[in-house]
Amino acid sequence: MDRSFRYPTWLSWVKQLPDELIRSRPVLSVGYAWALVIGGEPEAAEDRLRDAERWLDIAADVRDRSEAPSVEMVVVDEEEFRSLPATIASARAYQAGALGDVPGTVKYARRALDLFPEDEYFERAVLAVFLGAAYWTSGDLEAAHRSIADVITGMQTAGDRPFAIGATYLTGDIRMAQGRLNEAALTYEQSLQLVRDQGEPAPDGTAELYVGLSELNRERDNLEAAAQYLLTSKELREQAGLQGYESPWCVAMARLQEARGDLEGALDLLREAERVHKRSPMPDVRPIAAMKTRIRVSQGKLTEPLDWARGRGLSVDDDLSYMREFEHVTLARVLIAQHRSDNAVRFMDEAMGLLERLLQAAEEGERMASVIEILVQQALAHEAQDDLPSALAPLERALTLAEPEGYVRIFVGEGEPVRNLLRHAAAGGIAGPYTRRLLSAFDKPAQPVSAPVPAAAVQLAEPLTPREVEILGLIADGMRNQEIADQLFISLATVKRHIASAYGKLGVSHRIEAIARANELNLL
């Protein structure tokens, strides 16, 4: 069950057992610890690991002194008990990775590799992935890719295609971070060919491949394909009964909704992603709170973004690291938006200085996706100061790097300021056909994602949001709250929050009143 990502079920079972029963069984204690760390509770696993380690110490002491222990240890599976030192080291490597402890991840992963026999292919492959994740967390993306790609090749040779397929999502994600979209696409397609060759049912890990393909197609502005890939991913997970790791799916759907112009819907999905997020050794390079902050900046709401930056302790003078790169670029966006709002020179000076440092760090780390984004932000910073000649220089470089890989949303997602810059670039003959293609992407009709807010809504003291109107429409269609949540890919709690907000604005207390009031205002 652990290997097929069904740990929530097993965890729900073991939590019902008496604590003293678990404490007396070191193999069960370590299994419990593994389920906890995989389930996103690395701190809770510590007591279980220590219980097992104490039994190992007692067992070693008994062997030395040939005396019976004062309390009884229960071992049902002798083979599992003998492998506990390796299993514990492996669990501690995962735990350290989930807590962001790179040296600890490396230390325990290497210890476990020394302890596991050479023919334990699966366990050794997992540990090699942990080491790859440690490289990734440190910002050495090429070393991370090489490490995980070697694991995939080894597992294919050993005949474990499901593991190889699941790990491919990681290598594709790394290639995306490196700005190598073409290689990411090839990686995903080659792995999907393995899935086709294997036949039904699709192995665990296939659903994640479709999430990666969705992200790739969203960036290239193939939004219909991106949506279809996410739907396929969701169906595969449901068919296989997989539990956990829904957060990346919610994030991908949120980014798709943002690309479609549904910012409130995107925020709902990010809140859901935050709720189900589980820490793991894989680096969290795009924190959900920072993604929410970017959307609020796009909405022109600057109070919350400034509070976020203060709460995170972010400063333009911070030491830079890959793990905080996304947050620091977000901080630069906040400062540029603040300058547009009140024309304060100091905000722009701080943003420009931070972006220059970020650009140098991203270039040194060969993280070209970040390089392109930072260059676009530099162009926008100059544009905000009405300095078009200075804005076109970083924009031209960004276009040169982005064109071979087919980037679109990294430009189009910035809205009218970038559109204005691209028009000047086109007039100046910069990246000719590519610039014109990007400009045409601005003219694509927005895809409907939620019910429009009728003009009558403004009669209310506080207008309903598009999402609230959409949910009222579904209520009017007779849908229950859970059905609405399933259709909109959000949690039941989020649906209830929107309903409560809509009721408050309409001045009603139940469904019948809400529908009647909404019809009276021509909202539905």
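For the single chain, residues carry numbers from 1 onward in sequence order.
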Open item on the list: When you compare the side chain of D221 with that of V412, does any pair of heavy atoms fall below 4.5 Å?
Closed with: no
- [ ] Check whether any side-chain heavy atom of L401 lies under 4.5 Å from a side-chain heavy atom of Y407, and answer yes or no.
- [x] no
Task: Note: E414-R333 ion pair, threshold 4.0 Å (strictly below) - done: yes
Open item on the list: Let me confirm one number: the CG-CD distance from L492 to Q482, rounded to the nearest 0.5 Å.
Closed with: 5.0 Å
TODO: State, without any angle test, whether Q360 and R357 hold a side-chain donor-acceptor pair at a distance under 3.5 Å.
DONE: no
- [ ] Rounded to the nearest 0.5 Å, what's the gap from NE2 on H277 to SG on C250? Could you check?
- [x] 12.0 Å
- [ ] Compare all side-chain heavy atoms of L359 with those of R397 and state whether any distance is below 4.5 angstrom.
- [x] yes
- [ ] Taking the six-membered ring of F326 (Phe, Tyr or Trp), confirm whether the NZ or CZ of R294 is under 6.0 Å from its centre and within 45° of its axis.
- [x] yes
Task: Test: E258 and R218 ion pair at under 4.0 Å - done: no
Open item on the list: Assess whether a salt bridge exists between E142 and R175, defined as any Lys/Arg side-chain N lying under 4.0 Å from an Asp/Glu carboxylate O.
Closed with: yes
Open item on the list: Quick one about R92 and Q95 (side-chain donor to acceptor, distance below 3.5 Å, no hydrogens or angles considered), yes or no?
Closed with: yes
Task: E189 and Q193: side chain donor to acceptor below 3.5 Å - done: no
Task: Validation row: W136, L141 side chains within 4.5 angstrom (heavy atoms) - done: yes
TODO: Identify whether the distance between the nearest side-chain nitrogen and carboxylate oxygen of R271 and D268 falls below 4.0 Å.
DONE: yes
Open item on the list: As a quick check of understanding, evaluate side-chain contact (heavy atoms from CB on, under 4.5 Å) for L335 and V316, giving each step before the final call.
Closed with: CA-CA 10 Å; L335 294 171; V316 295; 3.7 Å; yes
Task: Distance (rounded to the nearest 0.5 Å) between L267 CG and K292 NZ - done: 7.5 Å
Open item on the list: Please tell me whether E416 and N420 have a donor and an acceptor in their side chains that are separated by less than 3.5 angstrom.
Closed with: no
Open item on the list: Between E468 and T465 (side chain of the first, backbone of the second, donor and acceptor by atom type, cut-off under 3.5 Å), is there such a pair?
Closed with: yes
